[in-house]
Amino acid sequence: MKKLPHSFYLRPTLQVARDLLGKYFVRTLNGKRLVGKIVEVEAYCEGDPASHSYRGRTKRNDAMFWNGGHLYVYFTYGMHFCANVVTGPEGKGEAVLIRGVEPIEGMERMIKNRNPRGTGAEMTGNVENEAKGGNGESGKRRRGDLGNLTNGPAKFCQAFGIGREENGVDLLGDEIYIADGGRISASIISTSTRIGINSGKKRKWRFFVKGNGWLSR
DNA sequence: TGGACGATCCCCT
DNA sequence: GGGGATCGTCCAT
């Protein structure tokens with residue numbers, strides 16, 4: 001897999017957002033490689049009231065203003081992390097939020113990361129124990145567990161072990177990077193308004209692969 | 001110094 | 001489909 005060059009991230013943010021679809025997000029965690037195909041993103045641009053960068057540079061959003069090709073990770077709702085790909089030149093404050101990926105490699109590790117229950121030295125992560133009731137009606141939930149692995153910005157972060165430590169990571173490094181993938185034909189790329197925001201509602205800056213099974217919501 | 005509010009997720013109805 | 005969990009950040013006193 002070929003790592004995307006720095007120039008990829010320096011192009012206009014909406015273009016980067018669209019082109020990130022189909023690319024591979026690669027993270028090496030404790031010697032294990034985790035790979036996910038990006039299938040859903042949202043763009044946040046300069047002058048956009050919904051963007052963290054809108055009200056200027058602060059300690060929290062500083063990485064969003066860095067040179068394109070870095071990771072901007074923020075903490076929200078008191079319990080979740082979300083990861084963005086910083087775009088454009090230093091000082092611009094634009095980024096693309098990764099909202100959904102399709103697991104390609106290291107799925108077992110992702111499942112473990114998403115089930116903090118196995119915190120001990122316990123190796124056998126019993127997914128079945130997740131179902132509290134254990135009734136005959138829990139089949140729906142089990143299927144949901146897998147489908148809910150990486151289909152949302154915070155779920156993706158949890159599955160890939162992304163948190164505070166990863167804020168500002170250089171995507172041209174070896175620990176976390178994005179690699180070229182198969183080309184996604186324009187005909188299966190859809191756009192919509194962004195999710196979970198109050199301002200800037202009109203902008204259709206959410207891009208996703210139509211019909212993919214790993215979309216949020 | 002305090003309070004309001006999230007680029008969310010999960011569980012329950 | 002709705003609400004609770006949960007806490008860092010920012011802005012207004």
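Residue numbering restarts at 1 for every chain, and letters A, B, ... go by the order of the sequence lines.
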When you check the phosphate oxygens OP1 and OP2 of [N], does a side-chain N or O of [X] lie under 4.0 Å from one of them?
| X | N | value |
| --- | --- | --- |
| Asn198(A) | dG6(B) | yes |
| Thr58(A) | dC10(C) | yes |
| Lys59(A) | dG8(C) | no |
| Arg99(A) | dT8(B) | yes |
| Arg203(A) | dA7(B) | no |

Students often get this wrong, so: under 4.0 angstrom with heavy atoms, is [X] touching a base, only sugar-phosphate, or nothing?
| X | answer |
| --- | --- |
| Arg194(A) | nothing |
| Arg217(A) | nothing |
| Ala50(A) | base |
| Leu97(A) | base |

Measure the distance from [atom1] on [X] to [atom2] on [N] and round it to the nearest whole Å.
| X | N | atom1 | atom2 | answer |
| --- | --- | --- | --- | --- |
| Phe75(A) | dA7(B) | CZ | P | 13 Å |
| Asn84(A) | dT8(B) | CG | P | 11 Å |
| Arg206(A) | dA7(B) | CZ | C1' | 12 Å |
| Gln158(A) | dT6(C) | CD | C1' | 15 Å |
| Arg114(A) | dC9(B) | CZ | P | 8 Å |
| Arg60(A) | dC5(B) | CZ | P | 15 Å |
| Arg55(A) | dA4(B) | CZ | C1' | 13 Å |
| Tyr77(A) | dG6(B) | OH | C1' | 4 Å |

| task | Answer yes or no for Arg206(A) and Phe208(A): cation-pi contact, defined as NZ/CZ to six-membered ring centre under 6.0 Å and angle to ring axis within 45°. | result |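 Flagged: Arg206(A) positioned over aromatic ring of Phe208(A).
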message: Measuring from the side chain of Met79(A) (C-beta onward, heavy atoms only), which nucleotide among dT6(C), dC9(B), dG6(B) has the closest atom?
response: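 Closest of the options to the side chain of Met79(A): dT6(C).
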State whether the aromatic ring of Tyr44(A) stacks on the base of dA7(B), taking stacking to mean ring centres under 5.5 Å apart and ring planes under 30° to each other.
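Yes.
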| message | Between Tyr24(A) and Asp180(A), does the side-chain contact (heavy atoms from CB on, under 4.5 Å) criterion hold? Intermediate values first, please. | response | CA-CA 6 Å; Tyr24(A) 293 110; Asp180(A) 217 340; over 6 Å; no
Next item on the list: Indicate yes or no for a side-chain donor-acceptor contact from Arg11(A) to the backbone of Phe8(A) under 3.5 Å, with no hydrogens or angles considered.
Entry: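 Pair found, side chain donor or acceptor close to backbone of Phe8(A).
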ask   = Does a distance-only test, which skips hydrogens and angles, find a donor-acceptor pair under 3.5 Å between the side chain of Tyr74(A) and the base of dA7(B)?
value =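 Side chain to base: pair present.
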Does Lys155(A) come within less than 4.0 Å of Glu40(A), counting only side-chain N to carboxylate O?
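So Lys155(A) does not pair with Glu40(A) through a salt bridge.
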Query raised in the report: For dT6(C), what is the paired nucleotide under Watson-Crick or G-U wobble rules, both distances under 3.5 Å?
Result: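 Pairing partner: none.
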Quick one: closest heavy-atom pair of Val41(A) and Ile38(A), and the distance?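 Taking Val41(A) first and Ile38(A) second, the nearest heavy atoms are CG1-CG2, 3.5 Å.
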Quiz item: What interatomic distance, in whole Å, is found between P of dT6(C) and the corresponding atom of dG2(B)?
Solution: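 About 22 Å, rounded to a whole number of Å.
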**Item:** Over 12 non-hydrogen atoms of neighbours within 6.0 angstrom of CZ in Phe75(A)
**Value:**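 More than 12 heavy atoms, drawn from other residues, nucleotides or ligands, come within 6.0 Å of this atom.
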